[in-house]
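Here is the structure we will look at.
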2 protein chains.
Amino acid sequence: MPRAARRSKAQIRADNETAILRAAEEVFANHGFKGASTGQIAEIAGIPKANLHYYFPTKEDLYRRVIDDIFNLWMEAAASFDRQEDPVPALSEYIRAKMHLSRTRPLGSRIWASEIISGAPVVYDALETTLKDWTETRVARIDKWVDKGLIAPVNARGLLYMIWATTQHYADFARQIAALNNGRELSEDQFEEFTRFVIGLILRGIGAVGAPEPVAMPDALRQIGAPAE
Amino acid sequence: MPRAARRSKAQIRADNETAILRAAEEVFANHGFKGASTGQIAEIAGIPKANLHYYFPTKEDLYRRVIDDIFNLWMEAAASFDRQEDPVPALSEYIRAKMHLSRTRPLGSRIWASEIISGAPVVYDALETTLKDWTETRVARIDKWVDKGLIAPVNARGLLYMIWATTQHYADFARQIAALNNGRELSEDQFEEFTRFVIGLILRGIGAVGAPEPVAMPDALRQIGAPAE
DNA sequence: GTCTATAACCGGATAGAC
DNA sequence: GTCTATCCGGTTATAGAC
């Protein structure tokens with residue numbers, strides 16, 4: 001058997017790790033840290049439980065790794081906040097990036113939410129250091145926009161919290177939103193509509209110069225959200 | 001020993017039930033349904049574990065009761081939405097009521113969030129019936145405000161989701177907010193300031209007639225939120 | 001109604017052959 | 001690196017004396 005035909009050891013390791021992390025995201029999102037079981041994670045990953053413990057010695061090691069990946073993802077998305085100088089494009093892009101993450105990586109958002117709800121036993125240090133630094137810097141930028149008269153005088157922290165809360169709601173409460181949408185997940189078009197709504201409302205709310213007028217849901221979509229006849 | 005001196009059986013039952021429910025809220029909020037243990041709940045309630053199972057035969061029975069109480073509480077808070085005819089007082093009072101609940105009953109909010117994040121295994125029926133009905137009615141009211149020109153044309157569902165997300169964030173993510181507030185819980189004054197900010201931003205965002213101008217955080221409070229020197 | 005003891009089970013983690 | 005078998009602590013729930 002030619003050597004090239006089988007996966008290298010490194011490849012096997014990488015594949016297994018990926019499978020484990022993917023499965024872990026699912027189980028941690030659905031049951032929280034304490035409620036998750038390594039047996040279930042191993043089963044979904046398609047490996048024996050003992051192998052999981054070979055790759056990640058303890059459940060907490062695995063959990064930390066998952067949380068870490070999520071945190072890095074968020075910090076990257078946050079970069080869109082900085083690419084633009086002016087408030088309207090900066091906030092629009094940031095909100096859009098966060099909404100996109102809620103759509104494409106809802107599990108990460110849900111794990112993060114569970115972790116914070118449980119008192120942030122694992123990430124509290126990161127909150128007090130990395131997240132705090134990130135936040136202070138952006139608060140300063142927002143305050144500068146206020147000083148320049150580009151937006152109305154606002155509570156910068158309140159604004160950030162509102163953006164986080166609103167965008168992550170579409171991941172964390174997706175099940176509730178679906179229940180209110182006749183049991184169906186939001187379609188791409190519906191999601192885009194909510195995204196525009198969020199951006200528009202917040203920009204108008206802070207009195208941003210050049211903010212778009214609020215947009216009503218188009219009739220076609222409105223129908224989807226309405227009760228079935 | 002005079003009979004009046006001891007608690008009646010009914011009183012004992014009521015007291016024990018209250019103690020159990022209070023303890024259950026704490027443990028379910030911190031660990032989710034699967035992660036919570038009846039042993040810990042009994043310990044906090046100050047009774048033997050067997051007694052807990054006498055009052056609530058299974059862990060799920062207890063959990064359903066806790067969730068039920070929370071849901072009713074929320075429906076009552078929602079009533080403030082209806083006491084006022086016009087959008088500004090109706091939404092102001094509703095947002096304020098929700099913020100107040102986040103402040104006074106954060107555990108309930110956190111349990112609700114955990115339940116939805118986990119896929120709403122227990123409350124899904126209530127979402128599709130009671131919550132859906134409540135929502136449809138309020139969407140209709142909001143649409144009517146739009147028709148009357150009292151607010152700009154908005155996505156009514158998006159508006160409700162934003163109110164829920166933003167207000168509940170102050171309960172569910174209280175630990176994160178505290179970490180960004182130099183490790184201290186928000187003071188009453190700070191919380192009031194955020195409440196006003198949320199109300200002001202949303203009312204302005206929907207172009208409500210008579211909405212207050214956005215308010216900056218007073219310097220005194222701003223200092224508290226700033227990095228320690 | 002209350003409490004001690006315990007049954008029955010599940011979960012995280014490891015031993016040790018391959 | 002992989003996998004079966006297993007240990008052991010913790011969990012839900014109940015039995016049965018008081």
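Just so it is clear, the values below take in all heavy atoms, side chains as well, and ignore hydrogens, waters and symmetry mates. In what follows, every chain begins at residue 1, and chains take the letters A, B, ... in the order their sequences are listed.
Applying the side-chain hydrogen bond (donor to acceptor under 3.5 Å, both in side chains) rule to B:Asp61 yields the partners B:Thr58; only residues at least two apart in sequence or on another chain are considered. Residues passing the salt bridge (Lys or Arg N to Asp or Glu O under 4.0 Å) test with B:Glu43: none are found, sequence neighbours excluded.
For B:Tyr55, a side-chain nitrogen or oxygen approaches OP1 or OP2 of C:dT2 to under 4.0 Å. Phosphate proximity of D:dT2 to A:Asn16: present, with a side-chain N or O under 4.0 Å from OP1 or OP2.
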Using atom types as modelled, flag every donor-acceptor pair under 3.5 Å from a side chain in residues 19-30 of chain A to any protein atom, sequence neighbours excluded.
unit_1, atom_1, unit_2, atom_2, d
A:Glu25, OE2, A:Arg105, NH2, 2.7
A:Asn30, OD1, A:Arg110, NH2, 2.6
A:Asn30, ND2, A:Glu26, O, 3.3

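Nucleic acid contact class of A:Ile12 (heavy atoms, under 4.0 Å, all strands): sugar-phosphate only.
As a whole-Å value, the separation of B:Leu52 CG from D:dT14 C1' is 14 Å. The CG atom of B:Asp61 sits 10 Å away from the P atom of D:dT14 (whole-angstrom rounding). Note: CD1 (B:Ile41) to P (D:dG10) measures 18 Å, nearest angstrom.
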What's touching nucleotides 10-13 of chain C from the protein side, N or O pairs under 3.5 Å?
unit_1, atom_1, unit_2, atom_2, d
C:dG12, OP1, A:Ala36, O, 3.1
C:dG12, OP1, A:Thr38, N, 3.1
C:dG12, OP1, A:Lys59, NZ, 3.2
C:dG12, OP2, A:Thr38, N, 2.7
C:dG12, OP2, A:Thr38, OG1, 2.8
C:dG12, N7, A:Lys49, NZ, 3.0
C:dA13, OP2, A:His53, NE2, 3.3
C:dA13, OP2, A:Lys59, N, 2.7
C:dA13, N6, A:Lys49, NZ, 3.3

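Between A:Tyr161 and B:Phe173, the ring centre distance reaches or exceeds 6.0 Å.
Residues B:Glu76 and B:Asn72 bring no donor and acceptor atom of their side chains to less than 3.5 Å of each other.
Between B:Phe81 and B:Tyr94, the ring-plane angle classifies as perpendicular under the 30° and 60° cut-offs.
Only one option out of A:Asp143, A:Asp133, A:Asp82 pairs with A:Arg138 in a side-chain hydrogen bond (donor to acceptor under 3.5 Å, both in side chains); it is A:Asp82. Tested against B:Met99 for a side-chain contact (heavy atoms from CB on, under 4.5 Å), the candidates B:Thr166, B:Thr195, B:Thr104 yield a single pass: B:Thr195.
Comparing atom distances between the A:Ala50 side chain and each of C:dT2, D:dT2, D:dT4 picks out D:dT4 as nearest.
With a cut-off of 3.5 Å on both pairing distances, the Watson-Crick and G-U wobble pairs of DNA chain D assemble into stems of 3 or more at C:1-18 with D:1-18.
Contact check of residues 18-25 of chain B against DNA chain C (heavy atom, cut-off under 4.0 Å) returns no residues at all.
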